[in-house]
2 protein chains.
Amino acid sequence: MHEAQHPMTPPSATRRATITDVAREAGTGKTSISRYLNGETSVLSPELRERIEAAIAKLDYRPNQMARGLKRGRNRLIGMLLADLTNPYSVEVLQGVEAACHALGYMPLICHAANEIDMERRYLQLLTTYRVEGVIVNALGVKEELLQTFSRGGIPVVLVDRSVEGLVTDMVGLDNVAAVALATRHLADQGFDEVLFIVQPFRRVSSRRVREAAFRDTIGPLAARGVSGSTIVIDLADAAPALAAIDANLDASRLGAGRMALFAANAPVALRVALHLKERYGADWQQRVALMSIDDSEWAELAGMTTVRQPTYDIGRRAVEFLHERLEGARMPARECLLPGELVVRASTRRDNSQGI
Amino acid sequence: MHEAQHPMTPPSATRRATITDVAREAGTGKTSISRYLNGETSVLSPELRERIEAAIAKLDYRPNQMARGLKRGRNRLIGMLLADLTNPYSVEVLQGVEAACHALGYMPLICHAANEIDMERRYLQLLTTYRVEGVIVNALGVKEELLQTFSRGGIPVVLVDRSVEGLVTDMVGLDNVAAVALATRHLADQGFDEVLFIVQPFRRVSSRRVREAAFRDTIGPLAARGVSGSTIVIDLADAAPALAAIDANLDASRLGAGRMALFAANAPVALRVALHLKERYGADWQQRVALMSIDDSEWAELAGMTTVRQPTYDIGRRAVEFLHERLEGARMPARECLLPGELVVRASTRRDNSQGI
DNA sequence: TTGTATGCGTTATCAA
DNA sequence: TTGATAACGCATACAA
């Protein structure tokens, strides 16, 4: 660690100008300044308006959002709770949220819980103290009661990707049923006769639950076409058992000369499985086993992995719009917006791949 | 999009309790409540304290940070400007920032400019209006003047990863010179006799500039050992020319029976190059050409790519600490904290890889 | 068209 | 040990 020799800017720390300063500088009252700021420009004489503009420019005045919010009762802050920014899904949703916020004049207060349930609670509390006008929640273990305090306080809540048991509120996410069906049928169409659906513990996370159920619902009828499947639950913190189970299934299928495909329920699972396959089968693991997943991460193209791309950007945008409508006073029943996923077919599941049927 | 049938929670929208409500409920004055909130617990009679606690619990009172901030002049908000959350580097730095903020009682106000220079400006303005106490900046095109308004206003600024021309302020980042030297020497040690350093346009981004210079400074002396190298500039928005140049170099090297390695200056570049190599050489591109990079992204392990891992978490933590010290009133010259990177050797650059010398 | 006075929820100053 | 009261920076009802 080096020290630079130049000193910091001298302690000329000038206090930021307030509306009072501007009023004095412009030789008028605070009200006029306030009017100018709020665009009530028609009621101001051109002459006064000019003086105000000059004063603002000269003092580099910026209205204090805090004070503003205190007075009008809304500060344009929207809370965004994210379970895991490490998951590209979250980042992409965030982009949509940011864009929509910008367009509608909100400022997202982003809280990243880093997969810690306790953090989620703390952040939600914090959002409360900052008096956000609404919250968008993509959490892991937040329970209904916690969110109810928002709803009850008149703070609209929008859920992203996963619903929360016992809570009836706006929610937006992937149409999981359709997405899983799409993917599963694709695998069947490509000639795979056995599909292993790999998912994290799903009791408590609705999207995982729905995806798993959708998988079983889709694979069931496919038995008529000779296609079967089963679910493997993987705990990313202790993946060994699940990975061993996958290996066993793969081996058995190979013995019976079957064609098996692995279907990861999301990107983190896919990555973990891919790493394992690479370890077990070497660099050309993709020649040996077919892997697909929900979530189109940046490395999917590199790995040539078929995926279902989520409409992440739109999910984020929609979430903000839902919030905005409530904030504008719309009263209506809770809504559910399920957006369709898009199948991105790559080499991993193409008929000519794998042991080249 | 479906409509759920349950209505939203009834419009019982109860206003959040204020300090006045609590005072009334506890049968005392606001001052005592304020004292309790600020931990001046010693000056309160146990009896009164209990009543206050009860009132707070009953009303589920949460002090309004906005009002607090307005009064005390500091709101515990720290601005964090990120050029690109799509880059895992940023997310990791963010994790460090969040952890440190939490530990020190700050709330990070995260602004994601999504690689748009204009957004950076707008967000910086916004941060100003929210009266953040300090800012951490990892931007693309922010210029000195813009940041000066913060410094001059007494708002400390900490730069992350890249410095800004003409601005003397605290800065935290990777020790680029050491990292590039480490990586380059590793390549030489592994028997590569030619290294192509691939970097985005670097005039305006200090870290890229420094890395490029460090590469040349390191590769120069290695000529004695028969190792040469050159730089290729890649524009991710229009990568074709650079990729063609890479191909040409690769072909030439192969003709001369040389062993060439590609060295990407960061993860986004590495991904782009890897995608291209896969396209050109097929799924086993890694058998054909050696690629390494700065930044240890999640797919690096999957691709078996050697990298230099940045101490991202510590960078974020350190940035907040720098800020905190200034906010606590420490006056000192601008500091520069350069943290060491860690070489993560994988198959891509091992001697036995590639055309197996 | 402009300005005065009051209050948003909190903390700080002062007096009791 | 406690409690009025006056700000903080701004927006609004109201008066001029």
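First the proteins, then the strands, lettered A, B, ... as listed; each starts at 1.
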What is the distance, rounded to the nearest whole Å, between atom CD of Glu40(A) and atom P of dT12(D)? 7 Å

Nearest whole Å is fine: how far is dT11(C) C1' from Asn64(B) CG? 13 Å

What is the distance from CZ of Arg49(B) to P of dT1(D), rounded to the nearest Å? 11 Å

Rounded to 10°, the angle between the first-five-pair and last-five-pair axes of the helix from dT1(C)-dA16(D) to dA16(C)-dT1(D) is 40°

Taking CZ from Arg131(A) and P from dC8(C), how many angstroms apart are they, rounded to a whole number? 14 Å

For Tyr106(B) and His324(B), does a side-chain donor sit closer than 3.5 Å to a side-chain acceptor? yes

Distance check needed: dG3(C) P versus Arg24(A) CZ, whole Å only. 15 Å

Short N-O contact, Asp21(A) and Arg15(A), less than 4.0 angstrom: yes

Could you tell me whether Glu325(B) and Arg335(B) make a salt bridge, using a distance below 4.0 angstrom between a side-chain N and a carboxylate O? yes

Where each residue is assigned the nucleotide of DNA chain D containing its nearest heavy atom, which of Pro63(A) and Gly29(B) is assigned the position nearer the 5′ end? Gly29(B)

Which distance, rounded to the nearest 0.5 Å, do you find between the CG of Leu127(B) and the CG of Leu77(B)? 8.5 Å

Side chain of Thr28(A) only, please: which of dT10(C), dC10(D), dG3(C) is the nearest? dG3(C)

Take atom CD1 of Ile19(B) and atom C1' of dA6(D), then tell me their distance rounded to the nearest Å. 15 Å

In whole Å, I'd like the distance from the CG atom of Asn75(A) to the P atom of dG9(D). 18 Å

Check this for me: Glu165(B), atom CD, are more than 12 non-hydrogen atoms of other residues, nucleotides or ligands nearer than 6.0 Å? no

Kindly indicate whether the side chain of Arg122(B), heavy atoms from C-beta on, has any atom under 4.5 Å from the side chain of His102(A). yes

Whether the Arg62(B) and Gln125(A) side chains hold a donor-acceptor pair (N or O, under 3.5 Å, no angle test) is what I'd like checked. yes

Would you tell me if any nitrogen or oxygen in the side chain of Arg68(B) comes within less than 4.0 Å of OP1 or OP2 on dT11(C)? yes

Will you find, in the side chains of Thr28(B) and Arg51(B), an N or O donor that is under 3.5 Å from an N or O acceptor? no

Residues in contact with DNA chain D, drawn from residues 30-39 of chain A - heavy-atom cutoff 4.0 Å: Lys30(A), Thr31(A), Ser34(A), Arg35(A), Asn38(A)

From NZ of Lys71(B) over to P of dT11(C), roughly how many Å is that when rounded to an integer? 10 Å

Non-hydrogen side-chain atoms of Leu37(A) and Arg68(A) separated by less than 4.5 Å: yes

